[in-house]
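This report concerns only the one structure given below.
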Amino acid sequence: MEKEYYFKEVEHRWYELWEKSGCFRRSEHPEGKSYAIVIPPPNVTGVLHMGHLLNNTMQDVLIRRARQNGQCVFWQPGTDHAGISLQVVVEKKLIKEGIDPRALLREEFLEYACRWRDDHGDIILNQLRHLGVSCDFSKKVHTLDAAYSRTVLVGFVELFRRGLIYRGRRMVNWCPKSQTALSDEEVLMQTQKGKLYRMRYEIVENPGSHIEISTTRPETIPGDVAVAVHPEDPRYQHLIGKHARRPFPEAEIPIIGDDAVLRDFGTGALKITPAHDSVDFAVGQRHGLAAIDVLTPDGRMNELAGPELCGLTREAAREKAVQMLQERGLLLAADDYEHSVGISERSGVPIEPRLSDQWFLRYPCVERAKEAVRSGIIQFFPRRWEKTYLHWLDNIQDWCISRQLLWGHRIPVWYRRDCDRRDPANWHVSLSGPADPENWVQDNDVLDTWFSSAFWPLGTLGWPDEKAMVRNHFDFFYPTATLVTGPDIIFFWVARMIIMSLAFLEGDLEQIVPFRTVYFTGIIRDSQGRKMSKSLGNSPEPLDLIGQYGADGVRLGLLSIAPQGQDVLFDGRCLEQGRNFCTKLWNACRFRVLQGKLKEPHVLNTGRMTAEDEAILRSLIDLTEQQESAIGQYEFHGAVQRLEKFFRDDYCDWYVEVCKIRMRRDESQRAHILTLQDIILRHYLQLLHPFTPFVTQELWHTMGYDDGEKFIQNTPLQNAEQLKKIAPISSDNIATIAELRETIAIIRAHKSSLGLASQTQLDVYYQSENKESAIEKYRFFLCSLCGLGKLTAADSLQGLPATLTPWGIFAMDVPNNVDNNQELERLRREIEVLERNIASNEAKLNNKDFLANAPEKVIAGARALLEENRTKLEKSRKILGSLG
RNA sequence: GGGCAGCUAGCUCAGCGGUUAGAGCAACCGGUUUACAUCCGGUAGGUCGUAGGUUCGAAUCCUAUGCUGCCCACCA
């Protein structure tokens, strides 16, 4: 066995073997308990980032543990076509090559896009392989695959048939940069500093008098069709019915009363621009006003804005409009003002409310979707996200699902050639299109990418094609077990998957929900709590990290700092610790290998079990129980901590050290000890495997534990009950070992506080009331682990510095030159603390209310504690007396 | 404007009604006795954001309040 662990070589070798052997594949004859996860499909345009590492490590832990537990596992991988993102990437590439993407035909552009997708689409999944993910890559799905596309379009057609998808001319969020409509969820509200302009329009009927109006958007003045005031506002009531003079292009517009106007905001008078504001649009509808669109799709002013503004960008037009107001003496004030502006999530520019013809979905099954979560049929971890989810569903708005893009699922609607597209009589909606295509024109738009992702758990398992569903064992793997994702896409994706599943499947909620639990991970930030971003340069390159620390080190490190459901502050040091632990594991196993092979491996003679053997076995059983509950509650952080603590503190630093002493003293124990070590290491490797798949697999092989099963992940994991059958464990023995370990720790600390190096041999005298036999039994451990020379019982402490342990007082025969003062000081402090504690114990036990109300167990505990403290105090005083 | 989290040792977090509040990292002291210096032993460090309340007992429950961060919301 190599002295060093070469993780790079090991990881590559095993991953290839795993994939080649097909051990990640789902069973084609599934039986027993199913455990499926669908991967949140990464964008084909994406590169692996820290969030992917965390998210996929967690999924892999769940999947591998399920495999060990003998469940029938399926982890479905795939990629998302990434609508706008991919289109932008391809457009940029074309421009670089001197091709104008807008001059291309749809088919030509799509050809370029497909080629890019085929060249780059699998990069991110291949990167994930380096992390060790055990997805079934043979079942990979891409959202634009023919079968999956069919799923999406069937969904559209059916929702249309049910009257839930409709086409309408409505105010939508328009992104002037990508020139498409967006859903409300794709608009981020950001507070921005701007100006609130106060200006005045002349009253036509009373020349020379004016009405004052506040606005943040003077560039939309040419689109004004009215001025609105509150109908009961005494300041303006008399003006309703009269007209105001719009300054440019000059026009007379009516002054109307509408109670949407807030009297106490600004001047209480509102200019109405129905084409560029949703409130104004509603007002316009109520009053039968026209909408004058003064903007072009790319966010510039058009001819209707008048010659001075036409052609300017929104921003430039605002400046120009302010200047024009000033020139006309109409601008009264420009106050600094902070307000929310909608920003396009994708392109980062302010969105423009715009009137256009789009397709909308009225969400089905909203009440059932709420019920599914509220009732706990779908469980959220952490639970608080339930509220966020329910709140969104309570206020749900229809979803604009059409996008003015080329890349995506083209809307399966055809319009009769040269006829009114707004008249449903001229629509054809179907999967295959009209029988006489020459008379029809297909809708140019594609569907929102999130519309297609909403079908992910359904489509990946073959729905709605019955043959495909049988082939994919839909009935067995659906509903999936768990979804692991970020809370940032709770509306975009999680809620919509639930809704679509409920809309299309029939049966009890338990059977038709897409998953039974959702674990929301935190977001990875840098060590200062900032979001990882390219511009800040604070996002490490995941593959570099894997190369530097090993996939196992990265996995362990990340999980060890990820608090449940809270953001993760990333620091490279955690990866170092992760890697160090893997090295530690390697060395401990190597040590076992150096002890040699056993003739009869795995056969334990329980008659030879000692107290320390029982204690380590008990720790292993406890660890096994803790792992089960921690992983069940998605407490990855706690699970990792306990795994590391057991191995370092209990196994390596205590048990193995003790075994060295035992074997040195008594060669006949050797086989027994090594057998037990093998049992422990073997089980421990299995417990650790989901977290660090590579090093555990390598050791599984190196240690020769693979005689029955080559791959550790396919080896059944014993539970706590099964482990308890290995050998009987007495609680007295467990207590004895706990006391022994405490005694050793106290003696070591005492030596250290006396300024003595740990290996300095010291003679020690002890006084013990009833633990002499224990001390004698374990004297070799005490001497060896504490660096003691002679250890003898004595009647007096002879004025030597002494310390109190569970087993009595131990006095160190220190050289004369050792300074006693520090030791005296320490003792006095200790006595002080004891006295304080005893006083508080007594006060408690003298409190009648405490005795009356506290449970018996607590009172008994308090009494025992008081007794213990009194004994300690007495002995400490004795030590002090003998020293002084 | 509404809602949700977080505030515990220098840093990152556990603990969420019952002894004297824990861990890892960092700091400091000491150590190579045949797995491991990517290691081992040890020390120090906290009025649990603040103020009230409930309780025999509060970091933990309640009520206010202060920061910090996130989400939702059509006041131009």
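Numbered from 1 within each chain, the chains take letters A, B, ... in sequence-line order.
Base-pair partner of U55(B): not found among the strands shown (Watson-Crick or G-U wobble, both distances under 3.5 Å). With a cut-off of 3.5 Å on both Watson-Crick or G-U wobble distances, the partner of U68(B) is given as A5(B). With a cut-off of 3.5 Å on both pairing distances, G46(B) has no Watson-Crick or G-U wobble partner at all. Nucleotide C25(B) forms a pair with G10(B), judged by Watson-Crick or G-U wobble geometry with both contacts under 3.5 Å. Base pairing analysis places C36(B) opposite nothing; no Watson-Crick or G-U wobble pair with both distances below 3.5 Å involves it.
Nucleotides of RNA chain B with any atom under 4.0 Å from a heavy atom of chain A span, from 5' to 3', C4(B) to A76(B).
Among the heavy atoms of the strands lying under 4.0 Å from Q577(A) are primed sugar atoms or P, OP1, OP2 only; no base atom is included. Among the atoms of the strands shown, only primed sugar atoms or phosphate atoms (P, OP1, OP2) are found under 4.0 Å from some heavy atom of R648(A). E4(A) comes within contact range of at least one nucleobase, with a heavy-atom separation under 4.0 Å. Contacts of P382(A) with the nucleic acid, taken as non-hydrogen atoms under 4.0 Å apart, are absent.
A side-chain donor-acceptor contact under 3.5 Å links D552(A) to the backbone of F694(A). Looking at R496(A), its side chain does come within 3.5 Å of a backbone N or O of F492(A) through a donor-acceptor pair. Judged by distance alone, the side chain of Q627(A) and the main-chain N or O of A639(A) form a donor-acceptor pair under 3.5 Å.
The list of side-chain hydrogen bond (donor to acceptor under 3.5 Å, both in side chains) pairs with a residue in residues 855-864 of chain A, not counting sequence neighbours, is empty.
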### Task
Could you go through the ring-ring contact (aromatic ring centres under 6.0 Å, His included) check for Y684(A) and Y651(A) one step at a time?
CA-CA 10 Å; Y684(A) 182 75; Y651(A) 184 74; 7.7 Å; no
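The separation of U8(B) from G49(B), taken at their P atoms, amounts to 6 Å, rounded to a whole angstrom.
The environment of CZ in R665(A) is sparse: at most 12 heavy-atom neighbours from other residues, nucleotides or ligands sit within 6.0 Å.
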